[in-house]
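Each remark here refers to the structure printed beneath this line.
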Amino acid sequence: MKRDLKSILSDLAQGKGPSVMLLFGDDLQVQEAAKAIVDQVVPEGQRDFNFERFDGRYVPWDQVQASLMTPPFFPGVKVVWVENAPYFFSREQKGELGQKIVHLWGEGKRDEASRLLIDLLVVEGWSEEQWLGLDSGSSLAPLIELLDVGDHEGRETAEALLAHCRRQGMNLGQRRGSEAHGLAELLEGGLPPWDLLLLTAVQVDRRTRLYKKFADQGVVLDFVLERARDGRVKPETLAESINERLRSAGKKIEPQARELILQRAGEDLRSLRQELDKLLLYIGDQSTIEVRDVDAIFVDQGAGWIFDLTRSVGARDAVAALSQLRRLLAQGDHPLRILATLASEVRRLIIARQLIEGEMRGRWQRGMSYGQFQQRVLKDGTALLTRSPYADYMCFQRADHFSSRELIAHLHNIHDTDLRLKSRGVRSQLVMERLILNMCLGSRGGGLPGERAAAR
């Protein structure tokens, strides 16, 4: 059965709550909900004896089961909380997990990405010998294929992931496997009357038989963030999180200030909450948050400005692109990271341009609507270049502003810029500004006068 947290907490307060629960989705919401459940069920003074917490990736199922079969020291309910529950992964989920790993790595969440990679390898049935046999050479190919990252940037991500796992001493032997059969048997036989089994996870596969059995016999709370068709978290979801935090703090906010927060908010609610807490400390006793407060203290968290930069370059809007570049550099984004994003964008535009000039000739027309694009270009509704059809539509639009010759020249200029940024004594902002101007204003021949020579 599917319920909401408020009604579950009410039932638990009356001693008639569920005995098994699964919470998954956004990490911040999952953690807060799990804490609320523990707070409701186990008094703080009894938690040394009536509460146990395990990491499901490393603790074998028989240890969890042994805890469930051991009665609590104090009268009342015993909560056994298994975090990072690995029991609901499946091989069909491989593509989703691969994308999640690359996304986490790109956000700088190295440990989370590495742990999820180990989960994926176990689901895929990798042996310890296969894992130890990976290196930065040709043997890295199976990992690249698993993550579905085929370009140069993707290979660098796979190499960096592997290196981080090696430094952290991660191996498949640490991960005990899903042991889903043990949980299934427990659901069949039922838990002792004193138990509440609480499972939490970032991601699950709802198609598995175990998940369906769990949903039938227990309670599932889904905290997955709603996303728009371009793949980004819906602004309404972020706005609700902002409103909730400000209500609890008893603060008001100017509409323009709220809009600025939404522009700077990333995809991670935990990071958004941290920035809001910093903002509340900054304003002190001030009753209303103003634009100047947000501008002074709220750091841009998302890839929003990076995407704004690539969109501005795609539109050949030099003024907007330079403005976005300076904002990214001012907030601490490394020039090489920005450059890598630009390189990925140019590669996508090259592919889109080749499609426009090749098999999509006559089907793609400048100025066509999104509906027309879906009907004429994406006949089966499957994205060609990105994860969503709408993102493909926007990519085709940007590609229409360039010729293939220009895009290839820009890729060469990006390579030259990479070499310059890695040299000593260079002014990185100036080097990046030259590249942006080249991409937005350069001639069809491949750049501003003297740019190719200056880049060397």
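If you read the sequence from its start, that first residue is 1, and numbering goes on from there.
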Check whether the side chains of Arg245 and Ser248 place a donor and an acceptor atom closer than 3.5 Å, and report yes or no.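 Per modelled atom types, Arg245 and Ser248 side chains form a pair under 3.5 Å.
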Residue pair Ser67 / Glu52, side-chain donor-acceptor N/O under 3.5 Å: yes
Is the shortest distance from a Lys or Arg side-chain nitrogen in [X] or [Y] to a carboxylate oxygen in the other one below 4.0 Å?
X: Glu275; Y: Lys278; value: yes
X: Asp416; Y: Arg420; value: no
X: Glu32; Y: Arg273; value: yes

Return the minimal non-hydrogen interatomic distance between [X] and [Y], and the atom names on each side.
X: Gly76; Y: Asn50; answer: C-ND2, 4.4 Å
X: Arg47; Y: Asp39; answer: NH2-OD1, 2.8 Å
X: Val77; Y: Val42; answer: O-CG2, 4.0 Å

Return yes if some donor-acceptor pair links the side-chain N/O of Asn243 with the main-chain N/O of Ala239 below 3.5 Å, else return no. yes
Can you tell me how far apart CD (Glu345) and CG (Leu411) are? Round to the nearest 0.5 Å.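 CG of Leu411 is found 12.0 Å from CD of Glu345.
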Just wondering, do [Y] and [X] contact through their side chains at under 4.5 Å, heavy atoms?
X: Ile37; Y: Leu5; value: yes
X: Leu342; Y: Met432; value: yes
X: His334; Y: Leu329; value: no
X: Asp48; Y: Phe73; value: no
X: Ser114; Y: Leu161; value: yes

Check the orientation of Phe74 and Phe49. Use parallel for under 30°, tilted for 30 to 60°, and perpendicular for over 60°.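 Perpendicular, since the angle between the ring planes exceeds 60°.
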According to the interplanar angle, ranging from 0 to 90°, do the rings of Phe373 and Tyr393 count as parallel (below 30°), tilted (30 to 60°) or perpendicular (above 60°)? tilted
Ser10: what forms a side-chain contact (heavy atoms from CB on, under 4.5 Å) with it, not counting sequence neighbours? Gln14
